[in-house]
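Presented below is the structure to which this report refers.
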Amino acid sequence: MHDCDLLIRGGLVFDGSGAGAVRADIAVEAGQIVEVGACASRVGRQEVDATGLAVAPGFIDVHTHDDWAVLATPDMACKITQGVTTVVAGNCGISAAPFEPSADLPAPFTLLPGATHKCASVGDYARRLAGASPSLNVALLVGHSTLRANVMGGDLNRAATGDEIARMARMLDGALAEGAVGLSSGLAYPSAIAAPMDEVVPLARILKDHPRSLYATHMRDEGDGVLASVRETIETGAQSGAAVVISHHKCSGKANFGRSAETLPVIDAARAHQAVGLDVYPYTASSTALLVPMVRQALSVKVLSSVPYPEMGGRMLEDIAAQWGVDREDAARELSPAAAIYFAMDEGDLRRIMAYPHSMIGSDGTPGVDSPHPRLWGTFPRVLGHYVRAEKLLTLAQAVRKMTGLSADTFGFTDRGYLREGLAADIVLFDPETVIDRATYDAPERPSDGIVHVVVNGMLVLSEGQMTGDRGGRMLRH
Ligand code: ZN
Ligand code: CU
């Protein structure tokens, strides 16, 4: 005696467009939203009372390194408990597929647990993902550094030759045909810093043959050279015709505090004639491999883990250097391979970038490590609770748009990202009065508060704040 699978009654509905909320019911049938409005006469096989709750499209985490985690820990509690229903994996130049490394590889390959697992093709990856049955949807970018490793082996400290670029381009083309949604790069890293723009442009050109795919980049320099890097990214887009996304936009290092006032107008001007997007996470510390150039930019550095000195995990680099009687950079060299958190950003820049109307929210968290950056568990509730409710930097509707509709539009996910009839039923219900992150730099794996229910493709995967054990995710392709 039911006429839909799931009925969400009486919530305050944010549709993902940035428009103000309206009180409405949502009916879900066969994994899709079949009605948004007054569904008083309907009966759901399952019903959720949303009185007092905000109802939004499931959040899209546009910047993740979850490629391996969705296979190893398919419940993905770190994301579901934030209301995230889709992750874009394969960022910063590193992807799980197509990946057939034949040599030892430098950072950031050293950083990601599982990053040595081989998945020869995106088709293989998709099959493994289907077998793992993740709780959330996964879209995969193809990493430029991954392509380099496939074609150049461990010899990455140089530009690729024309022949190597052609081989990478064929590999990328195949990966896109098998369901990858774009290309990513990590030009700041040892694995790709020797790659000139002229190596990236021919690869980005391949994207033209795959509608709605894009190029996302961890730029060559997020510190002193940040403006030049923004220009390089825009130029890469202009020469290739690809839509570009500047990943985790920031201005690192004290000398560069305030410079988002220079970068955002350059981005804005370029947007008049080409597709340029960006994402941001709501923290003033970054985290990645322990690398000397990043140590130089940082006010302070927390060492998360070190292969040669595991006992130094959790200590400040400054203290280790003092204990050893060396400077920070020498201490960093000695500790490597290692991972770190860098306190290197200005709150004013963070706010300016987050308030910029075209920025999306992405976590950049690293799952599967012993002591992650708190963004892995806290990003989305932190925006909603801290920056919206407490700081009033954004309205709730604007923040939701940066987590949903804008992200879906940018990445070409035409079947989700909004609460509308006919779209996939990815839905989050949260309490706008209590939603907040609980993860901190000292206790980074605390789940957030205030995320109440999460629906993925019509399946309730979080109910009353608890994981249900059901997993409704799938691979997203264009
Ligand atoms: Zn990055
Ligand atoms: Cu990243």
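If you read the sequence from its start, that first residue is 1, and numbering goes on from there. Whatever order the structure lists them in is the order used to number ligands and atoms, beginning at 1. Note that these values count all heavy atoms, side chains included, but never hydrogens, waters or copies made by symmetry.
- Figure legend: R375 and Y281 shown as a cation-pi pair, the cationic atom lying under 6.0 angstrom from the six-membered ring centre and within 45 degrees of its axis.
- One finds a salt bridge joining R352 and D349 here, because a Lys/Arg side-chain nitrogen approaches an Asp/Glu carboxylate oxygen to under 4.0 Å.
- Salt-bridge check for E164 with R167: failed, with every basic side-chain N at 4.0 Å or more from each acidic carboxylate O.
- R382 contributes a side-chain N or O that, together with a main-chain N or O of P282, makes up a donor-acceptor pair within less than 3.5 Å.
- Note that SG of C119 and CG of L71 are 6.5 Å apart. Values are rounded to the nearest 0.5 Å.
- Side-chain N/O atoms of S359 and K402 include a donor and acceptor closer than 3.5 Å.
- Take the Zn ion (ligand 1) and draw a sphere of radius 2.8 Å; the protein N/O/S atoms inside it number 3.
- No donor-acceptor pair closer than 3.5 Å links the side chain of N256 to the backbone N or O of R259.
- Taking CG from D327 and CD from E318, the interatomic distance works out to 11.5 Å, rounded to the nearest 0.5 Å.
- One side chain, Y356 or D268, offers a donor N or O that lies under 3.5 Å from an acceptor on the other.
- By the criterion of a separation under 2.8 Å, the protein N/O/S atoms near the Cu ion (ligand 2) amount to H63 NE2, H65 NE2, C92 SG, D364 OD1.
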